[in-house]
Amino acid sequence: MKIPFNKKWVLVEKEDYANYLFVTPAWRGFTFMQKAWGFELAHFMAAQYVNKITYLFMPKDIYDDLSQKYFASLFINPQK
């Protein structure tokens with residue numbers, strides 16, 4: 001998969017004093033476990049590690065789309 005450098009990105013999570021092993025459960029929750037919980041998968045995230053701080057990013061268009069779908073699933077049609 002090519003990294004979509006031409007898109008705007010949003011910061012999904014920032015963890016101080018973390019390494020990749022610490023944020024792997026969060027990343028897995030966005031990219032794998034969502035299907036098991038009945039949500040659509042994120043499919044693409046990126047991580048940046050700077051001075052013991054981990055940043056998880058997602059393309060803004062994907063983030064906006066998933067946010068709308070999750071909101072609808074949780075509050076508009078919770079029975080689905």
Side-chain angles (χ1 to χ4, degrees):
M1 173 182 276
K2 291 184 180 182
I3 298 173
F5 289 112
N6 60 335
K7 293 186 176 194
K8 289 186 178 184
W9 291 71
V10 294
L11 178 63
V12 176
E13 183 174 356
K14 175 187 173 213
E15 291 290 341
D16 296 330
Y17 306 108
N19 62 34
Y20 72 95
L21 293 174
F22 184 76
V23 297
T24 298
W27 196 331
R28 185 170 185 223
F30 279 110
T31 59
F32 176 71
M33 289 303 298
Q34 302 296 41
K35 189 173 182 179
W37 299 330
F39 291 107
E40 190 171 328
L41 301 176
H43 296 292
F44 195 90
M45 291 188 75
Q48 179 182 33
Y49 306 100
V50 179
N51 298 325
K52 297 182 181 179
I53 299 173
T54 302
Y55 302 90
L56 293 178
F57 297 94
M58 186 182 299
K60 185 175 181 347
D61 59 339
I62 294 172
Y63 178 83
D64 290 344
D65 182 55
L66 290 174
S67 294
Q68 289 176 357
K69 289 178 180 175
Y70 293 173
F71 183 85
S73 294
L74 293 169
F75 299 107
I76 297 172
N77 281 325
Q79 300 302 317
K80 283 189 170 183

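Just so we're clear, the structure is a prediction, and the values are computed from it rather than from any experiment. FYI, the numbering just counts along the sequence from 1.
The structure places CG of Leu56 at 8.0 Å from CD of Glu15, a figure rounded to the nearest 0.5 Å. Here the CZ atom belonging to Phe71 is positioned 15.0 Å from the CG atom belonging to Leu66, to the nearest 0.5 angstrom.
Residues satisfying the side chain to side chain contact (heavy atoms under 4.5 Å, CB included) test with Lys60, not counting sequence neighbours, are Lys8, Val10, Asp64. In this structure, the side chain to side chain contact (heavy atoms under 4.5 Å, CB included) partners of Asp61, at least two apart in sequence or on a different chain, are Lys7, Pro59. Qualifying side chain to side chain contact (heavy atoms under 4.5 Å, CB included) partners for Gln68, counting only residues two or more places apart in sequence or in other chains: none.
Of all non-hydrogen atoms in Val12 and Phe57, the two that sit nearest each other are CG2-C, 4.2 Å.
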